[in-house]
Amino acid sequence: MSMLHIVNKSPFERNALASCLGHALEGDSVLLIEDAVVGAIDGSNFIEQIKTAMADKSVYVLGADLAARGMQENRVAEGIQIVDYAGFVDLAANNDKTQSWL
Amino acid sequence: MSMLHIVNKSPFERNALASCLGHALEGDSVLLIEDAVVGAIDGSNFIEQIKTAMADKSVYVLGADLAARGMQENRVAEGIQIVDYAGFVDLAANNDKTQSWL
Amino acid sequence: MKFTILVNEGPYQHQSSDSALQFIRAALEKGHEIFRVFFYHDGVNNGTRLAVPPKDDRLIQSEWSTLAEEHGVDLVICIAAAQRRGLMDADEAKRQGLDANNIAPGFRISGLGQLIDGNIEADRTIVFGD
Amino acid sequence: MKFTILVNEGPYQHQSSDSALQFIRAALEKGHEIFRVFFYHDGVNNGTRLAVPPKDDRLIQSEWSTLAEEHGVDLVICIAAAQRRGLMDADEAKRQGLDANNIAPGFRISGLGQLIDGNIEADRTIVFGD
Amino acid sequence: MSKKFMYVNRKAPYGTVYALESLEVVLIAAAFEQDVSLAFIDDGVYQIAKGQDTKGIGMKGFSATYNALGDYDVNKFYVERESLEERGLTEDDLMPIVYEDENDDWAEKPSVKIVSRAEMAQVLSEQDVTLSF
Amino acid sequence: MSKKFMYVNRKAPYGTVYALESLEVVLIAAAFEQDVSLAFIDDGVYQIAKGQDTKGIGMKGFSATYNALGDYDVNKFYVERESLEERGLTEDDLMPIVYEDENDDWAEKPSVKIVSRAEMAQVLSEQDVTLSF
């Protein structure tokens, strides 16, 4: 019974991603969209929390939102998977349920 | 040339108050309104940052917003001054300028 | 698979309407069904026909109407949220004694029960907001 | 002292309209002048006359109209922001070929220059937003 | 068909409309006879703080409505202990929300259950539909 | 009467409209011949990141407009070093925004000035009107 967690806020601006990671369970997936994509950039202050989460969860980032904010795919920390909107739909369908951390 | 800094977001949810305190100068005033009033409660995780700021700045909280969120005035950390909307107007008039940290 | 989509913010101010539209188009492309899109909070402002953004920008409100027309997607605006914010259809405007209405084609105004019904009927509910 | 007030969010969704109204009433009570209130971003949605909130709740949009009527406060809605979001007066609706308008009494639609002018003329500008 | 509905409340009341309009959804959901739970996490714990007095801000208070939810069989209020502690709050700061248990001779019981973050994560994972505003 | 105007940008672009509509105000302010500065703090640094490509999200990109501001004598872009570093960014990630200095034979000069948080605080304190969206 896996959950897709959707986060759309920058972890530098809001506590949504931190709160999400504090409640996601082993085997869950976390998708970063909209302003949350800035949390996926390697070398940022927040990336260690994401790397820790990736020990037992999958983390995804929406490529279109990355590109809009000027970030090339090679800036994304290793292990974070880049998806398009079709991939977003697949994640929503393939997990048993979803939760948006607004 | 003192500045009134106005913060309206909870420091637990957003980085606005932290960013404000990182940029306010000696002699400035910081006013907490709306959801930011929860940052004034004694014993919270954020209160040490406010106490540090009070070494050379004044911190105020809007009483009406505190009451709306169920907090009695005696819950506010020592040194933070409680004002009403008239006091808000005075702070805006008596400082040389204002900045809202949205 | 059947999706219900909840949109909690108005157009332009937040990306939520844009993200929801992109998600819905991708889902339809993959053969999924969009059971309902429910507009709540400021999301009701997606349903106005009076918007005229700059010519070189997207017209979000029309994109919703197009979606309803081309794919029969059910676009439901919450009546309580709409009343607070001034989004009216002809019937409701008349009932309230107002002299104008502003709803766009393809949207309908109804109660929160339509959201719960959508949550029950759909396999997944996806929430877009602030 | 002369104040210009900037309101960046719509009514109900955020407390900013309520806070701005409370600030303005307190300032007027103290004998200060409100040079202008400028509505930008979703703030333009404060200016609709089609809102009908529950009877036991405040009607924010009317409170603004009352302020204009009783104290002559200049309420200016940004035209560019209004066009994106569907806030129209009769002239602008006609110019855009729209069949309805929704502006409330006491508000006027104008350009961003009115904001800058307000910032220059006033002793203090106070910003209310999200 | 009955589903498990979870309403996640993470924002303080009054600064935004989400708490009020979330409550309006919960009231409707109850009428659909679904299994309804509420989670209060982060600043959401302030939604059920006792003593809320909104006269000064000119807004309608709605905290009494939480107490009425028991009559609609909505009596699972999960409140996160860590969220309270981080804010300098305790259970005593919350309204004493109760319901009458029809399976126990209508005995009055507390609706609020204080849970750890780990327990909250578990509760969240057991739902069918999670709505957040 | 000329005042010192500061536009404080603390939010990433596209997730909200603030960056775009802030830019529209700056363009108008420039026409009023005021002294205009821009501050990029926190996620605001992403507003002037180079290589912004909005095709995939279906929104109009507006980053080129920052480069046009030099023609309107808007050439004071203060960017906070700590904000860049916290996000894993460097000055190389920013657009090369320039202006032509009329007092120096129209020599092309950079509009962007990277400053420390302490310097930013000082700059903010020297303004007459500070607008944030």
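Below, each value reflects all heavy atoms present in this structure, side chains not excepted, and no hydrogens, waters or symmetry copies. Everything numeric here is computed off the predicted structure, so don't read it as measured data. Chain identifiers are assigned alphabetically (A, B, ...) following the order of the sequence lines, protein sequences preceding nucleic acid strands; residue numbering begins at 1 within each chain.
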| query | Between CD of F:Gln34 and CD1 of F:Ile28, what distance do you get to the nearest 0.5 Å? | reply | 13.0 Å
| Members of residues 63-93 of chain F whose heavy atoms come closer than 4.5 Å to chain B | F:Glu80
| field | Minimum heavy-atom distance between F:Leu38 and F:Val36, given as atom pair plus value | value | CD1-CG1, 4.0 Å
| field | F:Asn9 and F:Ser22 side chains, donor-acceptor separation under 3.5 Å | value | yes
| said: So which atom in F:Phe62 and which in F:Pro13 form the shortest heavy-atom distance, rounded to 0.1 Å? | reply: CZ-CB, 4.1 Å
| said: Test of understanding: with side chain to side chain contact (heavy atoms under 4.5 Å, CB included), list the residues that count as partners of B:Asn94, not counting sequence neighbours. | reply: B:Asp90
| request: Could you tell me whether F:Lys50 atom NZ has more than 12 heavy atoms of other residues or ligands within 6.0 Å of it? | output: yes
| query | Between the main-chain N or O of B:Ala86 and the side-chain N or O of B:Asp84, is there a donor-acceptor pair closer than 3.5 Å? | reply | yes
| field | Close contacts, residues 6-40 of chain B versus chain F, judged by heavy atoms under 4.5 Å | value | B:Asn15, B:Ala16, B:Ser19, B:Gly22, B:His23, B:Leu25
| message | For residues 57-82 of chain B, give me every residue with a non-hydrogen atom less than 4.5 Å from any non-hydrogen atom of chain F. | response | none
| message | Walk me through whether F:Lys3 and F:Asp128 qualify under salt bridge (charged side-chain N to carboxylate O under 4.0 Å, His left out). | response | CA-CA 6 Å; F:Lys3 286 187 174 182; F:Asp128 295 312; over 6 Å; no
| Under a 4.5 Å heavy-atom cut-off, does chain B meet the side chain of F:Arg117, its backbone, both or neither? | both
| message | If you apply the rule salt bridge (charged side-chain N to carboxylate O under 4.0 Å, His left out), what do you find for F:Lys109 with F:Asp101, and how did you get there? | response | CA-CA 7 Å; F:Lys109 295 185 176 177; F:Asp101 187 348; 2.9 Å; yes
| message | I want to check something: taking the side chain as every heavy atom from C-beta on, are B:His5 and B:Trp101 in contact at a cut-off of under 4.5 Å? | response | yes
